[in-house]
Amino acid sequence: MIATHTELVHHFTEDFVALQDAVLARMNGMAAPETAAALAHPSLAGPIAIALAHADVRARGDIRRTELSGLPAAQRLRQLREHARRVRRARSEADAVCKEQRARRVADRPGPPLEPLELRVTRAVDPEAYGRALREELLDRGSPAADVRAADNDLALWAREWGSAPAQLPLAVRELLECHDDAFVQALLHDAREGENPHLAHDAVVERWGRHARTALAWGRYAIAQAERDVLARPPAARRAQLDALDDAYQDAAILAARAREAKHRIADLHDRIRDRAAAGPIAELIARCRAAALTRFTADEPRLWQRACRLATEHREDCDARADGCPRCHRTLAALLAENASADRSQEDGGDGDGGGSEGSAPGYKERYAILDDLPSRAAVAVADAAIGDESARCGYGWAAEDGTTGYGDSMASGSGEAEVIGICQAALSLLGRHPEAPVLVLCDSTEAVEAVNVALTSADPAAARRTVLFPEGRELLGRLLPHRDRFQVRWLKGHIGHDLNETADTLAGLAVRRATGRVSASAAGKEVARILRSLSSDQYPGTAAA
């Protein structure tokens, strides 16, 4: 007996494996008509995107296992790569469906009543003044919330403060909320590797889950890199156990990817529910009363600003084509005009010429500086560092080239491109510091994220200060080794790919290093490639290379 449409939708909602099999069958044009019809149900858009996030990682894992198996399987690899391309395309389409579906929900949701134009203008000009009046009104009413708007973050806290969610949380949920970030990430990894934790989906926890899902994914890629390294350490004929371990690492990473996608959907759902609660019922009535009372306070505290806004709004409505709709978007233009007039009035009162007394220009930022090279420290040893990171795992390669003619390259582990660049900076700096014990050392890098992370660590004298960029122990250890030399070491940004010889050399070496680390080029072939790279450069500038 063929299941009904409703039964199939419910079945796919409850059975992840069945859903994924059905989605892949549809992708390959092999799904039964009733299955395809059920998969088109709007309630399955999110679960389908989650299933394809899982399938995407698994497809890439199958390719990698086959590549590393050492067996002649060209036809098999072509099939796996074509399957992976179809999965990636289907995943992008599913994500687009979810995005469109949410956009429609937001567009269809009735918004709050349009506030008076005068209020919107003055609030845009001086949001602090209105916010202060609103907070005072809330305090007088004994409200625990700092604002009456539905929040963009800390959604569950907002809901509890406004009485639309239980104030008491289960013990397991409180433990997830109160534990250290590292412990929470470990909980996410345990969820993927050992057993699903149902408390992650609790409204009070789901936002934290979403914030830390990327970190957990990075540790999943770290496990893949470790397993891959173990595979490459053995001859092809003796890799079976290591290849099985690599499969396990990819399976864990696939679950992490699916759970991260699930967290994103649950956060969106929570956000929608909070918005709906804030727009209707007792909460909406309370919000309206608070805002009306705050407006009275505001006009009393800022009478001059309010009078100007009222006059400007009245004049504007006479000619505005959107006045019948309440001038919904006009307040931004009027606020800019009001602020400009107020600034001119202050300038006349001060007897100034309106230039604000500011300095003539400011220090160039990263985008404008282009790494000024004519102000280098005296006798400085200078190098340029670069890095590249693998697509599937946390393996990364770094390379550097110095003005003293030396170059170097090697591989490590990095959670992202910024961390890989930090590793390259540290390796270049430590090499120059060892060869030039009396000279200041300067390393240039084309990653602003890496430059800022290293400078934060140097300023604070603590490798952990760069935590947002440097997650893994390899990068932390290198930063720790660099800190004792911070008095004679500098790092600066250099715009990449503008023809700077050292930068181009470092970039090429980094790409070669990651290819060597992932087994896509042998050590002997890498050595020949390095020799070719250096022969293409001036031999008197780049006489030597060191592989880390």
Side-chain angles (χ1 to χ4, degrees), residues 225 366-367 369-373 376 380-432 441-454 469-470 474-475 478 482 490-523 525-548:
Y366 282 130
K367 292 183 178 179
R369 185 175 177 84
Y370 283 71
I372 298 172
L373 302 181
L376 302 181
V382 180
V384 179
D386 211 335
I389 190 162
D391 294 331
E392 317 299 340
S393 75
R395 298 299 290 275
C396 71
Y398 62 84
W400 55 267
E403 286 186 346
D404 66 5
T406 56
T407 59
Y409 68 101
D411 64 270
S412 187
M413 304 277 208
S415 61
S417 58
E419 184 165 355
E421 300 274 6
V422 168
I423 290 170
I425 291 170
C426 291
Q427 291 284 8
L430 290 168
S431 179
L432 290 185
V441 168
L442 172 66
V443 175
L444 305 172
C445 177
D446 61 10
S447 167
T448 58
E449 180 186 2
V451 170
E452 291 169 357
V454 173
T469 298
V470 184
E474 289 80 0
L478 284 170
L482 189 59
Q490 292 184 33
V491 58
R492 288 190 195 171
W493 178 78
L494 169 73
K495 184 175 177 64
H497 306 295
I498 57 172
H500 192 291
D501 287 344
L502 296 179
N503 182 230
E504 296 301 325
T505 301
D507 176 73
T508 304
L509 291 172
L512 178 63
V514 76
R515 286 165 53 212
R516 187 188 73 168
T518 54
R520 290 180 169 88
V521 62
S522 66
K528 292 177 182 178
E529 179 69 10
V530 169
R532 186 197 65 76
I533 293 169
L534 297 183
R535 279 198 305 271
S536 69
L537 301 172
S538 173
S539 59
D540 60 343
Q541 282 185 300
Y542 308 102
T545 299

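Since the structure is predicted, the reported quantities are computational estimates derived from the model, not experimental observations.
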Going by the rule side-chain contact (heavy atoms from CB on, under 4.5 Å), which residues pair with [X] if we only count those two or more places apart in sequence or in a different chain?
X: Ser417; value: none
X: Ala385; value: Trp400, Ile425, Ala428, Val443
X: Thr508; value: Ile533
X: Ala420; value: Ala387, Cys396, Ala414

Can you name the residues that form a side chain to side chain donor-acceptor pair (under 3.5 Å) with [X], not counting sequence neighbours?
X: Glu419; value: Ser415
X: Thr469; value: Glu449
X: Ser412; value: none

Could you tell me whether the side chain of Thr505 and the main chain of Asp501 form a donor-acceptor pair under 3.5 Å?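 Judged by distance alone, yes, a pair lies under 3.5 Å.
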Identify the heavy atoms of [X] and [Y] that sit nearest to each other, and give their distance.
X: Tyr398; Y: Gly424; result: CB-CA, 3.7 Å
X: Asn503; Y: Lys495; result: OD1-O, 4.3 Å
X: Leu509; Y: Gly399; result: CB-CA, 4.0 Å
X: Leu502; Y: Ala402; result: CD2-O, 3.8 Å
X: Cys426; Y: Leu478; result: CB-CB, 3.7 Å
X: Ile389; Y: Val514; result: C-CG2, 4.1 Å

Min side-chain heavy-atom separation Asp411-Thr518 under 4.5 Å: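 The answer is no; the side chains never approach within 4.5 Å.
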Are the side chains of Asp386 and Glu421 in contact, using a 4.5 Å heavy-atom criterion?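 Yes, side chains in contact.
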Can you sort out the partners of Glu392 under salt bridge (Lys or Arg N to Asp or Glu O under 4.0 Å), two or more places apart, ordered by chain and number?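 Once residues adjacent in sequence are excluded, the partners of Glu392 under the salt bridge (Lys or Arg N to Asp or Glu O under 4.0 Å) criterion are Arg60.
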To the nearest 0.5 Å, tell me how far Glu529 CD sits from Arg516 CZ.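 Interatomic distance, Glu529 CD to Arg516 CZ, rounded to 0.5 Å: 13.0 Å.
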